[in-house]
**Q** 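Handing you a structure now.
In what follows, every chain begins at residue 1, and chains take the letters A, B, ... in the order their sequences are listed.
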Amino acid sequence: MDGSAELSARGWPRAVRSALCHALAVLAVLFFSGCEALDWWQQPVCEPDMCPAGMRCNPDNGRCVPLPSVGPQGPALHGRFQLQSTLDEGQTRRWWLGFDPARQSLALWDGSVIRYLDGPAASPGSSPAGQGAALIKDPKGGLIAAWLRASDGSVWCAWSRLDWAPVQVRSGGAEGVVALAADNTMLWLASRDAVARTVALSELPHPVDRRATSGWKRTLLANPTGMGDAPGTPLDLGRWLAMVVTAGGPVLAAYDAVGGDLVLATRVESGWQASRVAGRDRLTGKNTTDAGQAVAMTVAPGGALLVAYRDRSRDEVILLRDESGVAKTSVVGSGTRSDAATATERSALYGSQIALAALPDGRATLAIADAARWAIDVAVERPDGSFGHFAMTPAETGGPLAFPALEVRSATAVAVHALRARPEAGPAGNRLESKLLDLNQGKP
Amino acid sequence: MNLQRHIAVWLAVVGMGCTQQPLPGPLGADRVVQDGMRIWLADGDLPSLAATARALAGTEVALVTAPFGVPATGGAQLGPLHAALRLESASAEWLSSAVLRFAFQVEAGTLPLALGYPGAAACALSFVWPATPLLVDLRLGLVQDGAPQATLASAPKWPTQLAELQDPQGCLEGLSQPSIDAIRSQVWQELQTATASRATVGAAGAAQALLDGPWPLAARFVVDNTPIDWQITPLARSAADGQTFLAGPEDQRFGRIALGVDAPRHPCAPDVAPPQLEAVWPAYPAAPGGGVSVARRGLALHAAGLAHLGWAAVRAGLLCRTSTSWGEALGEGWGTPIAPALQAWLDGPPRAARLWPGSSPAVEVVDGVDGPELSWRLDDATLEIVGTVGGEEAVVVVIRGRLRLRTALLGTGNGLRMATKGVALEAATVSSPLFGDALPPNSPGDVRTLVEAAMTGIIGDLPVFPLEALAPAGTTLTGTARGGNALWLWLDSSPL
């Protein structure tokens, strides 16, 4: 302690020092006796989800505080974003989760007000957060979000019914994106382990409450069985991830950058069992194409597992439909285009971002980014298994488009969402662009 | 055997899991550049070649023979010969336009002989020869299947009249002249057979090292499901002389090779006919200073042949390439020189470059600062730069138009690679799909550094040709030169 601080402390009035000492003594007695009277101090006054709409519970002072409103166009998200809808007293409420480049924070927008779950906007002075995030429906109600902080590789999770209080799942070592899935009993979170170059799977008994969110059990998908690899074959799993829960349990889709293969892993009693489902010839074992650099999954109402992935070598997006263990693949679309000037064909960057959803009748619908033209190709599966296509182009929307998301609103209506850029304004000028696709009309 | 080995090496180095099939038929005339490639033996490299031949022959020739019955002597025998002949040096010169002579200088020597009758004491005499050249004349020609091969133009020569029998003890007295001649002839023949065979092996081995290559070749290689037809044919020196391959007037000893390549058109390639350029060869440039004991040959690629190879590469889709190995060196601020507004979108270094050549390249051999270079002109090329935006890849810069690329040919450990030496944008436009196929107003639009780095990545990934396919294993690229519109490579190999 330097001299000035010592002088200042000694300079307090005797009465103040005496009161302070007594207060500390009382607190110490209460603390060591386990007195329930301290509960008010440990818990905020406001309870999760008890704040009125448009407000949040501030844990610093235990009071409901208003959330900022950003208007009908929403925040300027950048990068992949997540979209979920919930029913709230008979009304559909939509939630967008993504990275706000202006605030360098993870933003959750419900169509009217915005809440920052992590990053400087949520906690001033903290590191940027939220560039790889996932948002799923909580089987117990509400939503669950997971994200990582790129600055330190930590992974976080939050529940709407716990007022989005962040819970740390991993303290570091993660990179890229996270994937999330849950059923009534378990929650699974997949992230890439940068050191082990494989997927780290974190499991938590579900549901949770505020006091029971620290029981995460983590395993590495280091030597999954069923891959058909020679011993010692290196893996580089998890640069692209997706996860869903089927009737048989959780299914993880991950890209193996060593072989350029798409790997599907399922939870079995002893751990995780994995197999290469694309990118390698199953009979010869030879690498054929680079598959899985962008993958999306969903479960159709009938229970079929749908996996959409990019075949980078062929510049195609493929849909794999697995019904009761019988898998069938079909080409959704191709990025190959003709160049009139040279009478040649060129590939695009087709499928670097894929959104996938299932219609009520089990058909698939996809929104696929063409990152060479900054356009979105919307594909809807026909009853015969072929695909009809609808384009969202920069010319149509007035700006380049990227990062699509899909929302099935009914048997005949699909909403396609994407980020539309205003290039000269930078990423902070991005806006959400939405189109409602009327399947009866056959056009958006 | 060599051909098989070379093909195997070629496949291994190209390393794309290709397979080889017989060519269904000869390539069309427009798919072949006659005299598009040459191999050449410089006069200045003859001493090194001769030293290689001597080393291959072995500097010492040991001789051991059985006793020899001297005819018409009533049973006289010449005892076993034990000799060690030393090849002092070797030289090589062109005896004529088509015959290469190796002269091995055999050290002067004396061979003790023993002559006698069974059961009686032997009489000692000796066989003496002066330092004498042993001559091996080779023709570097074509054999029946069209493969270049070094063959004897005539029997090896070692002048017999210079050797003599020395008989201080009078062993030969009383023998008839035919018997004495038989002794002399027998000894000389033994010496010559042993020495000439070794010299011939050395000379032919060194000369063959000049001729080895993947020729004649007529095969279809399937590379990544793309069939590429190759037809490489050594040509006879003239129609009148169907046997001679590597020959010619003074200091112009070369062999002509017809270079044929064809491929089915890849959808990314324009459907154009191959350039029909005639290979007009200039006088040959001087060879660089040579090493010792190596077989050095010049390999010359005429721009007509290079243009045809470029056409075939484009047609097969091999130049529709994506490279991801070059962007890190540019760092994170690479977008600013192009458009500051673009930089705001970029997460990190460039992620990839994608090239569509758009047309067949026009090729010239030009002088560069550090040596000869190849100038490739693509009249309608498109180069797309892929960046990272919001964590995902996206095309952020497009350069389209005439692109001129200068490359040097470098020898690496196991082959030849092209290195980008410069890029010029001629009538090319720079745009960004992010900005509506334009650039923001007042953008510098300086893409030179970016394009050079991208093309370096794309061209650097191209395995041009493994040296082992052009010459024996261990071959190194010693030098390059420009001669007119041809590129010369000097390839050293040691057949030892």
**Q** Between B:W356 and A:T344 (side chain of the first, backbone of the second, donor and acceptor by atom type, cut-off under 3.5 Å), is there such a pair?
**A**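 No, the answer is negative, given that no donor and acceptor are paired below the 3.5 Å cut-off.
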**Q** Counting only heavy atoms closer than 4.5 Å, note whether A:R337 contacts chain B via side chain, backbone, both or neither.
**A**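 A:R337 has no heavy atom closer than 4.5 Å to chain B.
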**Q** Would the number of heavy atoms belonging to other residues, nucleotides or ligands and lying under 6.0 Å from CZ of A:R431 be above 12?
**A**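 Enclosed: over 12 neighbouring heavy atoms sit under 6.0 Å from CZ of A:R431.
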**Q** What are the two closest heavy atoms between A:P400 and B:L434, and how far apart are they?
**A**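 Minimum heavy-atom separation between A:P400 and B:L434: CG-O, 3.0 Å.
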**Q** In terms of heavy-atom proximity below 4.5 Å to chain B, should A:F99 be classed as side chain, backbone, both, or neither?
**A**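 Neither part; nothing is under 4.5 Å.
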**Q** Just so I understand: if I count every heavy-atom pair under 4.5 Å between each of A:A343, A:S347, A:P394 and chain B, which residue has the most?
**A**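 Of the candidates given, the most pairs with chain B belong to A:S347.
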**Q** Between B:R265 and A:E345, is a salt bridge (Lys or Arg N to Asp or Glu O under 4.0 Å) present by the stated rule, with each step listed?
**A** CA-CA 11 Å; B:R265 180 190 166 228; A:E345 287 185 357; over 6 Å; no
**Q** Report the option among B:G391, B:P267, B:A269 that has the most heavy-atom pairs separated by less than 4.5 Å from atoms of chain A.
**A**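 It is B:P267.
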**Q** Could you tell me which portion of A:S338 (side chain, backbone, both or neither) has an atom closer than 4.5 angstrom to a non-hydrogen atom of chain B?
**A**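 A:S338 has no heavy atom closer than 4.5 Å to chain B.
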**Q** For atom CG of B:D271, decide whether the heavy atoms of other residues, nucleotides or ligands shown that lie under 6.0 angstrom number more than 12.
**A**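 Yes, because the 6.0 Å sphere around CG of B:D271 holds more than 12 heavy atoms from other groups.
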**Q** Can you tell whether the side chains of B:R400 and A:D339 come within less than 4.0 Å, N to carboxylate O?
**A**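 Judged by the 4.0 Å cut-off on N to carboxylate O distance, B:R400 and A:D339 do form a salt bridge.
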**Q** How many angstroms lie between CG in A:L349 and CZ in B:R354, if you round to the nearest 0.5 Å?
**A**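 Here the interatomic distance stands at 4.0 Å.
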**Q** Which bit of B:V389 comes within less than 4.5 Å of chain A, counting heavy atoms only: side chain, backbone, both or neither?
**A**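 Both parts, heavy atoms under 4.5 Å.
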**Q** Would you compute the distance between atom CD of B:E393 and atom CD of A:Q353 and round it to the nearest 0.5 angstrom?
**A**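 Separation between the atoms: 9.0 Å.
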**Q** For the candidates B:A339, B:A344, B:C268, which exhibits the highest count of non-hydrogen atom pairs separated by less than 4.5 Å from chain A?
**A**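 Most heavy-atom pairs under 4.5 Å with chain A: B:C268.
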**Q** If you measure from CZ on B:R351 to OG on A:S352, what distance do you get to the nearest 0.5 Å?
**A**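 Rounded to the nearest 0.5 Å, the CZ-OG separation comes out at 8.5 Å.
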**Q** At a heavy-atom separation under 4.5 Å, does B:P440 approach chain A through its side chain, its backbone, both, or neither?
**A**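 No part of B:P440 comes within 4.5 Å of chain A.
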**Q** Between A:R80, A:Q293, A:H78, A:R346, which residue shows the highest count of heavy-atom pairs closer than 4.5 Å to chain B?
**A**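 Option with the greatest count: A:R346.
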**Q** Could you name the residues of residues 420-430 of chain A that have a heavy atom within less than 4.5 Å of a heavy atom in chain B?
**A**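 A:A421, A:R422, A:P423, A:E424, A:G426, A:P427, A:N430, listed by number.
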**Q** Take B:V396 and A:W374 through the side-chain contact (heavy atoms from CB on, under 4.5 Å) test and state the conclusion after the steps.
**A** CA-CA 9 Å; B:V396 290; A:W374 292 75; 4.3 Å; yes
